Asks: 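One structure, pasted below without further comment.
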Number of protein chains: 2
Amino acid sequence: MTGGTTRRAPLSRDRVLDAAVALADAVGIEALSMRRLAQELGVVPMALYKHVANKDELLDGMVDVVLGGIDPADASLDWREAVRRRVLSAREAVLRHPWARKAIESRTSRTPVVLAYMDSLAGMFRAGGFSPDLTHHVMHALGNRMWGFSPELFEEARDPSAPASSPEQQQAMAAEFAERFPHILEIATAATSGDLSRVGGGCDEQFEFEFALDVLLDGFERLREQGWTSRRG
Amino acid sequence: MTGGTTRRAPLSRDRVLDAAVALADAVGIEALSMRRLAQELGVVPMALYKHVANKDELLDGMVDVVLGGIDPADASLDWREAVRRRVLSAREAVLRHPWARKAIESRTSRTPVVLAYMDSLAGMFRAGGFSPDLTHHVMHALGNRMWGFSPELFEEARDPSAPASSPEQQQAMAAEFAERFPHILEIATAATSGDLSRVGGGCDEQFEFEFALDVLLDGFERLREQGWTSRRG
DNA sequence: GTTGACAGGCGTACACCGTACACCTATGGT
DNA sequence: ACCATAGGTGTACGGTGTACGCCTGTCAAC
């Protein structure tokens, strides 16, 4: 008899990918191993290789899953709002998974999902009156902003396992920091409205992201109006 | 007697770091292991641990070595040219080592070298009349452009080990591509002045980089003139 | 039915990784 | 002359990705 305990549902590429995403969400990308993933699926490690060629392909697939969460394009909007929303939607999708950023950065392959996203973005510029030439360059300029992140420069990465230091040590370190990196201290102060106890609390990354995005979009708009072209030489 | 063969020069943190950089240059960052590095230095793997705490610290140190190649700041320039040169110098330093980009992206720690670079950049904005507030936001906006790269979206990553496909297959793939990603095809055509055989040859990454950088710098300049402030609420 | 191909899960094995721990030894200050 | 110590050694452990061969349940063709 086959019954008793219901037979485990058979694996599939999608099931493997979904489980990998869930596992990475739970334990982090660096703790995601083929063995651990197999265990999670109640299966022997080598079974996974019937569904993904190797770990790199697994990671590519996981990225595709994340990117699948990006909102579809809305054709009724003007180019600027359309691009803005799409990029911010990508950001949301990526930030839903803490590991996604690193995974996207480390992958270099262009899967069809990635190409489709880039294509729709390029289409928005074209529909908005951008020349193919200008579209090409602004796509480059958007760079990884397309994916909804840029390195979080001021992220403190407060290490909770760091050894606790005495107040005097902290004070000494703060003093040295102020001397060596006065400008960083200054802008950190500005960012926290002078409340230096909040420095570790981080800035409003969403605000910073939109700030940079809008500076770029403003610039693009101006270039478009001017009929900018790269004819160089 | 100690002579005969001259005794191997003793290790030091700097010697380890330099050897690691050279090895990564030669064999790539993913083939850089503690064991391989030790072998290169004619030493047993564990000997390295007297000079670096672990592999992560080794990578941090390597990044610092690379960043050491950035030109010093020139105080005689106006802010815009100063920032521009410094960022482009960082780009040069990073691109000298093919692995550096990935290494910088994967590290999250702020070593003193990194902080010093950020601080000098912030100082340029401040000296150019940017408020601490605006300086903070433009630093964020520069994002990884600070490090001289952004994801090379159109880099073909032509895999030479890819199986050769027949002309018919290639044609079929091209046709499918044109149908699924028409806008990408269009801007690729623009980028190569219509010579599609050059599509894989890549764009002028340096041009694209400076394009984006200048759009940002233009935007920053305008915000500065307007006395922009983030007082939000 | 019977058969045979085959998709998919299993087990073993290998080479490699980072690094903890104990040990040895040459060096230099006292 | 002493001994602490910095720095190189050797062994060992638990992890990794994955090549290779086997076994089994499913299903189409006869």
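Just so it is clear: chains get the letters A, B, ... in the order the sequence lines come, proteins before strands, and each one is counted from 1. Computed from a prediction, not measured in an experiment: that's the story for all the values here.
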Asks: Give me the atom names and distance for the closest heavy-atom approach of A:Ala93 to A:Val66.
Replies: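 That closest heavy-atom pairing would be O-CG1, 3.6 Å.
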Asks: Is a side-chain donor or acceptor of B:Arg86 paired with a backbone partner of B:Tyr117 at a separation under 3.5 angstrom?
Replies: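 No, because the side chain of B:Arg86 does not come within donor-acceptor range (under 3.5 Å) of the backbone of B:Tyr117.
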Asks: C:dG8 P sits how many Å from A:Leu48 CG, rounded?
Replies: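 Interatomic distance, CG of A:Leu48 to P of C:dG8: 13 Å.
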Asks: Rounded to whole angstrom units, what separation is found between the CZ atom of B:Arg13 and the C1' atom of D:dG7?
Replies: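 Atom-to-atom, B:Arg13 to D:dG7, this comes out as 16 Å.
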Asks: Between C:dT25 atom P and B:Lys50 atom NZ, what is the distance in whole Å?
Replies: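 In whole Å, C:dT25 P and B:Lys50 NZ are 15 Å from each other.
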Asks: Testing A:Val16, A:Val52, A:Val43 for side-chain contact (heavy atoms from CB on, under 4.5 Å) with A:Leu37, which one passes?
Replies: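 Exactly one option meets the side-chain contact (heavy atoms from CB on, under 4.5 Å) with A:Leu37, and it is A:Val16.
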Asks: So if I define the base as every atom that isn't primed, P, OP1 or OP2, how would nucleotides 11-19 of chain D read as a B/S/- string at a heavy-atom cutoff under 4.0 Å?
Replies: BB---BBBB
Asks: For A:Leu41 and C:dC10, what is the distance between atoms CG and C1' respectively, to the nearest whole Å?
Replies: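 These atoms are roughly 15 Å apart.
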Asks: Donor-acceptor pair, distance only, cut-off 3.5 Å: does the side chain of A:Asp119 make one with the backbone of B:His183?
Replies: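 The answer is yes, because a donor-acceptor pair under 3.5 Å joins these two groups.
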Asks: Does the side chain of A:His51 get closer than 4.0 angstrom to OP1 or OP2 of C:dG9 through an N or O atom?
Replies: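 Answer yes for this pair, as a side-chain N or O of A:His51 is under 4.0 Å from OP1 or OP2.
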Asks: Can you find a pair of side-chain heavy atoms, one from A:Arg13 and one from A:Glu57, that are under 4.5 Å apart?
Replies: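 Touching, per the 4.5 Å side-chain cut-off.
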Asks: State, with a plain yes or no, whether a side-chain heavy atom of A:Val94 is found less than 4.5 Å away from one of A:Ile70.
Replies: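 Side-chain contact under 4.5 Å: no.
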